[in-house]
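Read the structure below first, then the notes.
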Amino acid sequence: MKKILLIEDDKDLNLGLTYDLRSEGYQVYSARNLGEGMALLEKQEVDLLLLDGNLPDGDGFDFCKAVKTEGDLPVIFLTARDLETDEITGFDCGADDYITKPFSMAVLHKRIEAVFRRGGQKSGNSRSLYDDGYLLIDFDGLTAYKEGSALTLTPTEFKLLRLLIANDQKVVTKTLILEKLWDNVGNFVDEHAVAVNINRLRKKLEDETHQYIKTMYGMGYQWKGQQK
């Protein structure tokens, strides 16, 4: 049975989520603030953390970052912080997924299943470190290596890689990439910038036997790498 720690200060939502997830077959530990959540983490081994962004005794983003520095526990944000900058910050803190309120319970179930299916609980802090034995990317340290040799990547290339890897095996549209990486309204960046950066990444990462970024014609791009 998968174990989930829920940290949510809204009493009614906390109770509702706890009941629903238990009815789905999960063992759920619930907390109303970060202090209670930390105490539970010290006593219980869990497989997933569902975390609010705003809590009465601290910031969920900072808590996520602290959790990720200690181990490989997957984290899904459930938060009312719905700005694009908030979502990017969430992923930069190491989140495995980011869901804004209000949300569909059916969608939440699928997102949880997807995290477990990706093996996030065994991936060695997968959203801050990617390692498949050939390619190693440390997003926290902004370093990358191919067959042990250092790669030079720009900040934009690191952000693009993080977005693709965070959505492993999913189609990431060009529009989404523009929204996440650039101010496509104020900076007048078009889809050509996406294609240029994708091509540069391919030249730096790929060879005849290692293909990472698949073009989904008419839709966007898909990360095909497999961590060891």
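None of these values were measured; they are calculated from a predicted model.
Salt-bridge check for Asp10 with Lys101: failed, with every basic side-chain N at 4.0 Å or more from each acidic carboxylate O. A salt bridge links Lys68 with Asp96: at least one charged nitrogen is closer than 4.0 Å to a carboxylate oxygen.
Side-chain N or O atoms of Arg81 include none that pairs as donor or acceptor with a backbone N or O of Asn54 at under 3.5 Å. Checking side-chain atoms of Asp132 against main-chain N and O of Leu135 turns up a donor-acceptor pair under 3.5 Å.
Using a 4.5 Å cut-off between side-chain heavy atoms of Ile, Leu, Val, Met, Phe, Trp and Tyr, with links allowed through other members, Met216 and Leu161 fall into different hydrophobic clusters. Note: the hydrophobic cluster containing Ile76 does not contain Ile88 (ILVMFWY, side chain heavy atoms under 4.5 Å, direct or indirect links).
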Can you give me every donor-acceptor pair (side chain of residues 24-33, partner residue at least two apart or in another chain, under 3.5 Å) with its distance?
| from | atom 1 | to | atom 2 | distance (Å) |
| --- | --- | --- | --- | --- |
| Gln27 | NE2 | Tyr29 | OH | 2.6 |
| Tyr29 | OH | Gln44 | OE1 | 3.2 |
| Arg32 | NE | Asp9 | O | 3.0 |
| Arg32 | NH2 | Asp9 | O | 3.4 |
| Asn33 | OD1 | Gly35 | N | 3.1 |
| Asn33 | OD1 | Glu36 | N | 2.8 |

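Heavy atoms of other residues, nucleotides or ligands lying less than 6.0 angstrom from CZ of Phe103 number more than 12. Summarising the local packing, NZ of Lys204 is surrounded by more than 12 heavy atoms from other residues, nucleotides or ligands at distances under 6.0 Å. Other residues, nucleotides and ligands place no more than 12 heavy atoms under 6.0 Å from the NZ atom of Lys214. The environment of NZ in Lys110 is sparse: at most 12 heavy-atom neighbours from other residues, nucleotides or ligands sit within 6.0 Å.
Side-chain polar atoms of Asp207 and Tyr134 form a donor-acceptor pair below 3.5 angstrom. In this structure, a donor-acceptor pair under 3.5 Å is absent between the side chains of Thr156 and Arg200.
How far OH of Tyr221 is from CG of Leu164: 9.5 Å, rounded to the nearest 0.5 Å. Taking CG from Asp59 and OG1 from Thr89, the interatomic distance works out to 9.5 Å, rounded to the nearest 0.5 Å.
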Next item on the list: Evaluate ring-ring contact (aromatic ring centres under 6.0 Å, His included) for Phe61 paired with Phe77, printing each intermediate quantity in order.
Entry: CA-CA 9 Å; Phe61 293 155; Phe77 273 105; 5.0 Å; yes

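Ring geometry for Tyr212 against Trp223 counts as parallel: the plane angle stays under 30°, on a 0 to 90° scale with 60° as the upper cut.
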